[in-house]
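These notes concern the structure reproduced below.
These numbers were taken from a predicted model, which means no experiment stands behind them. Order of the sequence lines fixes the chain letters, A, B, ..., with proteins taken first and strands second; residue numbering starts at 1 for each chain.
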Amino acid sequence: MAGVAGPATGSGAAGGDGDDSLYPIAVLIDELRNEDVQLRLNSIKKLSTIALALGVERTRTELLPFLTDTIYDEDEVLLALAEQLGNFTGLVGGPDFAHCLLPPLESLATVEETVVRDKAVESLRQISQEHTPVALEAHFVPLVKRLASGDWFTSRTSACGLFSVCYPRASIAVKGEIRQYFRSLCSDDTPMVRRAAASKLGEFAKVLELDSVKSEIVPLFTNLASDEQDSVRLLAVEACVSIAQLLSQDDIEALVMPTLRQAAEDKSWRVRYMVADKFSELQKAVGPKITLNDLIPAFQNLLKDCEAEVRAAAAHKVKELCENLPMEGRETMIMNQILPYIKELVSDTNQHVKSALASVIMGLSTILGKENTIEHLLPLFLAQLKDECPEVRLNIISNLDCVNEVIGIRQLSQSLLPAIVELAEDAKWRVRLAIIEYMPLLAGQLGVEFFDEKLNSLCMAWLVDHVYAIREAATNNLMKLVQKFGTEWAQNTIVPKVLVMANDPNYLHRMTTLFCINALSEACGQEITTKQMLPIVLKMAGDQVANVRFNVAKSLQKIGPILDTDALQEEVKPVLQKLGQDEDMDVKYFAQEAISVLALA
Amino acid sequence: MSSSSPPPPPAGAASAAISAAEKVDGFTRKSVRKAQRQKRSQGSSQFRSQCSQPELHPLPQLKDATSNEQQELFCQKLQQCCILFDFMDSVSDLKSKEIKRATLNELVEYVSTNRGVIVESAYSDIVKMISANIFRTLPPSDNPDFDPEEDEPTLEASWPHIQLVYEFFLRFLESPDFQPSIAKRYIDQKFVQQLLELFDSEDPRERDFLKTVLHRIYGKFLGLRAFIRKQINNIFLRFIYETEHFNGVAELLEILGSIINGFALPLKAEHKQFLMKVLIPMHTAKGLALFHAQLAYCVVQFLEKDTTLTEPVIRGLLKFWPKTCSQKEVMFLGEIEEILDVIEPTQFKKIEEPLFKQISKCVSSSHFQVAERALYFWNNEYILSLIEENIDKILPIMFGSLYKISKEHWNPTIVALVYNVLKTLMEMNGKLFDDLTSSYKAERQREKKKELEREELWKKLEELKLKKALEKQNSAYNMHSILSNTNDG
């Protein structure tokens with residue numbers, strides 16, 4: 001400390017920056033090492049302000065050494081520090097001095113906590129771009145090498161993320177060294193490092209020369225893909241995508257496919273899951289020919305895998321896979337090679353599998369066209385609409401628009417209705433909430449007549465649900481319906497029912513009336529609001545429950561702008577003034593707020 | 001659509017079964033909901049390629065065979081037991097399953113009651129049979145957000161066989177005829193690696209067997225010890241920093257507890273590193289409650305071996321002190337008390353200041369269990385004697401919080417406890433206590449003033465920042481106008 005504080009007392013050391021001497025670094029550093037973590041964290045988050053106060057030179061010579069030396073703190077503070085330093089280049093004097101930031105970031109890159117380390121690596125990657133090629137070789141590359149040969153696994157793990165940013169700008173000789181370091185990390189002793197290397201393999205491959213990809217990356221890939229730990233093997237699947245993108249068809253066949261085939265049949269379900277999860281990317285990377293020969297059979301296996309996790313992941317990809325098949329022969333292929341497996345999945349024993357399928361299956365109708373949809377897909381949709389699991393039904397209903405475009409929704413309406421009714425009364429309020437969200441869409445597709453006949457009563461029933469979130473969603477739903485069906489419809493079907501609830505013995509229902517009025521008034525316009533809604537609201541100002549009364553005040557504030565001046569002055573103002581004198585504090589508060597917002601004072 | 005009658009809401013049996021309570025609130029108690037789900041067991045992920053198993057035929061009993069034939073028959077039975085059956089399908093291969101079960105039972109009895117039957121040539125078949133049965137990819141958890149504290153674990157379906165295989169494995173390892181020098185050809189690093197991965201099994205019965213098995217292997221195979229420690233290290237690091245999920249942490253820690261107990265002195269750097277870089281960070285895990293007892297035991301074992309580790313350990317715990325989880329905070333306090341129970345007075349002096357700053361925060365926690373746990377320290381005779389010896393240091397740290405809670409804490413039990421503690425401290429050094437009482441107000445005011453000064457400083461810094469930003473903008477603007485002027489010209 002003393003050494004650091006010393007030079008700071010000499011004022012004017014920074015020459016031109018006259019103000020800086022006002023802030024001796026000792027004071028600032030005191031802030032950075034305050035006993036209270038929260039204050040320390042706040043100071044670190046404003047590190048750029050401190051640096052600005054010190055000026056570039058003292059930031060380099062005093063602040064950064066301090067930061068480098070005192071890296072033993074709570075991880076949260078270190079995380080903030082790692083993040084700040086990534087944007088510090090300007091504050092230390094621009095690109096020429098960017099390397100000054102490396103020492104503190106280097107220590108942060110060796111910390112145990114993953115989030116801190118990852119942030120430090122992110123900042124290092126950012127700063128690497130600001131280095132000149134010379135500075136990169138003089139300062140950055142040596143840092144990468146030091147990290148890559150560190151004793152503890154953390155530094156080697158961090159190094160893995162830095163190779164790809166310095167490789168493209170390094171000289172030939174240094175490039176060779178960098179590759180060498182990366183190779184050794186791929187066969188590191190600790191699985192943590194191998195995992196880090198495997199996860200960066202694809203990224204690194206992209207910046208390498210094609211020859212090196214073939215001669216060096218492919219063998220590394222093959223090794224990692226047959227690692228003894230499945231957590232390493234599964235990461236190789238991701239790298240597979242990037243590597244395949246770089247190679248020609250023949251090379252993919254010879255160098256990548258044997259490994260990929262093996263991964264699709266790995267004995268660990270985690271690896272197979274990864275293949276299923278990355279299927280669309282893999283499909284695009286290997287191209288149509290290999291897809292037809294290799295990936296389709298592999299996909300069929302994944303769809304009937306013994307683990308539900310794998311089947312669900314594969315089911316999610318069904319639509320994308322079909323979409324990405326070459327147009328020529330696509331329909332036949334889907335009908336013969338994919339559809340039979342999908343049919344099986346509709347009656348899978350696991351609900352996650354079924355619900356994954358239900359979330360994409362409707363998308364197939366646009367791909368297969370009207371006739372196939374009616375003949376082959378419709379029975380599946382109907383089966384899923386009757387599924388015992390609400391999530392499956394919900395997923396079907398939420399994707400109705402895809403089918404609507406192809407065959408029209410009427411084909412489904414017979415089965416749709418019972419499904420909707422059942423979901424509308426599901427015991428889980430989140431399910432009820434989800435189906436409400438789709439009501440406006442369904443209403444639009446089914447038409448006003450069908451809606452009035454079948455669904456209107458449901459929408460009204462939700463208004464008196466036990467759960468507030470449902471009542472709230474139901475009010476919003478009404479607003480959207482009015483936007484869709486118009487004010488006349490609102491006046492005839494919705495408004496009277498809503499207004500009747502103003503006399504309900506349950507105050508929660510009375511409040512729902514107010515919430516509905518808030519939501520509907522704008523859509524309904526001045527006339528309905530003034531003639532039908534306003535009298536009810538005003539009457540409720542005499543409610544015995546304070547919550548109702550202050551919601552009256554809030555509602556008046558909300559609908560005020562829609563009313564004309566007469567109504568405001570003659571009807572609203574006296575009521576609000578009376579509420580302004582209410583014995584309840586909250587009622588008074590909201591009444592006064594309404595008065596001032598509506599400028600009635 | 002064709003029918004014109006309005007659809008009555010189908011009051012089906014399903015919806016009738018839903019209680020009113022559940023309709024009001026989706027958050028029914030988890031355990032209630034879980035109980036409705038039928039208990040499930042799961043098979044391992046291994047029946048992928050095997051379509052059908054060959055039917056087993058019973059072999060003659062070992063005890064009926066002549067001693068010449070016995071060895072041959074023993075190996076045949078071992079080979080027979082390598083065949084696996086699908087227990088998820090409870091009706092298939094019933095006869096064969098029963099034959100295998102009986103055979104396994106017979107094998108267990110054979111190796112435990114007979115001497116001289118574990119001959120060199122049998123090792124290979126024995127290890128092969130064990131590997132074939134127990135080594136498998138563990139299936140995905142049936143319940144993705146499995147909470148080991150509340151949920152019932154999913155049990156291994158093939159337990160009727162696997163249990164006997166573990167039983168057999170243990171009898172084999174514990175047999176007086178067992179020779180590690182021969183076995184090490186088969187029970188090698190790869191074998192141990194696979195064994196360790198099984199500790200992630202959700203089935204507690206399996207983990208219990210594994211614990212004993214690994215303990216025996218560690219005891220008998222000196223050449224594997226370093227490897228086992230390193231792999232456990234890796235599993236723990238992955239658990240802490242990558243997945244936060246591993247079912248067998250408590251079991252592995254239990255084994256480590258006895259391993260640490262046997263460490264020679266002075267401790268190797270490797271062991272100290274394990275303590276500081278693995279065991280201490282492990283305290284950050286979400287599911288600490290599941291293995292805290294075992295973890296604290298390991299930590300205390302280390303400190304009993306080498307007291308100079310006390311300071312770094314306590315500083316480590318302070319660094320990872322829970323910020324929001326009161327339940328964990330109580331556990332930390334428990335561990336600190338365990339450490340203080342064995343601390344040397346010289347070590348105590350080294351950490352008293354940071355430690356008591358934390359304790360002072362805990363004492364004033366608004367969560368009464370945390371406050372209570374911290375105040376219980378004053379019931380511990382040994383801790384009390386340490387505090388008395390260092391009262392000049394500790395009283396000023398503790399005084400502010402205690403004084404404040406004695407006036408403000410919501411919980412009467414805590415207030416009562418604090419009064420007792422204050423009384424004890426007063427008796428230790430009455431003069432200092434009086435001084436602190438009289439300077440309490442001045443102290444608070446000084447703190448407030450410092451707070452104001454800090455705000456002032458930051459305000460000035462912000463102004464400076466704005467000013468600089470403005471200057472920069474202006475100069476950029478000037479540059480821009482100069483440039484555009486020259487362009488115009």
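Neither the backbone nor the side chain of A/Ile470 comes within less than 4.5 Å of any heavy atom in chain B. Residue B/Trp458 touches chain A through its side chain alone, counting heavy-atom pairs closer than 4.5 Å. Interface remark: B/Lys361 contributes no atoms to any contact with chain A (heavy atom separation under 4.5 Å). Of the two parts of B/Gln194, neither the backbone nor the side chain holds a non-hydrogen atom closer than 4.5 Å to a non-hydrogen atom of chain A. Contact of A/Ser48 with chain B is made through the side chain alone, with heavy-atom distances under 4.5 Å. When heavy atoms are compared at a cutoff of 4.5 Å, B/Lys230 approaches chain A solely by way of its side chain, counted from C-beta outward. Interface remark: A/Thr154 contributes no atoms to any contact with chain B (heavy atom separation under 4.5 Å).
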Go through the steps to decide whether A/Thr114 and B/Glu242 satisfy the test side chain to side chain contact (heavy atoms under 4.5 Å, CB included), and finish with yes or no.
CA-CA 8 Å; A/Thr114 327; B/Glu242 293 181 7; 5.7 Å; no
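For the atom pair CE of A/Met192 and OH of B/Tyr241, the computed distance is 10.0 Å after rounding to the nearest 0.5 Å. Once rounded to the nearest 0.5 Å, the distance linking CD of A/Glu113 with OG1 of B/Thr284 reads 7.0 Å. Atom CG of B/Leu138 and atom CG of A/Asp230 lie 9.5 Å apart (nearest 0.5 Å).
Heavy atoms from other residues, nucleotides or ligands lying under 6.0 Å from OH of A/Tyr273 number 12 at most. The environment of A/Asp151 atom CG is sparse: at most 12 non-hydrogen atoms of other residues, nucleotides or ligands sit within 6.0 angstrom.
Taking a cutoff of 4.0 Å between a charged side-chain nitrogen and a carboxylate oxygen, A/Glu76 and B/Lys323 do not qualify as a salt bridge. Between B/Lys190 and A/Glu228 no salt bridge is recorded (no basic side-chain N to carboxylate O distance below 4.0 Å).
Counting heavy atoms from C-beta on, the side chains of A/Pro191 and B/Arg238 never come closer than 4.5 Å.
Closest approach of B/Thr137 and A/Ser268 over heavy atoms only: CG2-CA, 3.7 Å. What you find for B/Lys319 and A/Glu74 is that their closest heavy atoms are O-OE1, 3.5 Å.
Between chain A and the residues B/Arg454, B/Gln193, B/Gln273, the most heavy-atom pairs under 4.5 angstrom are made by B/Arg454.
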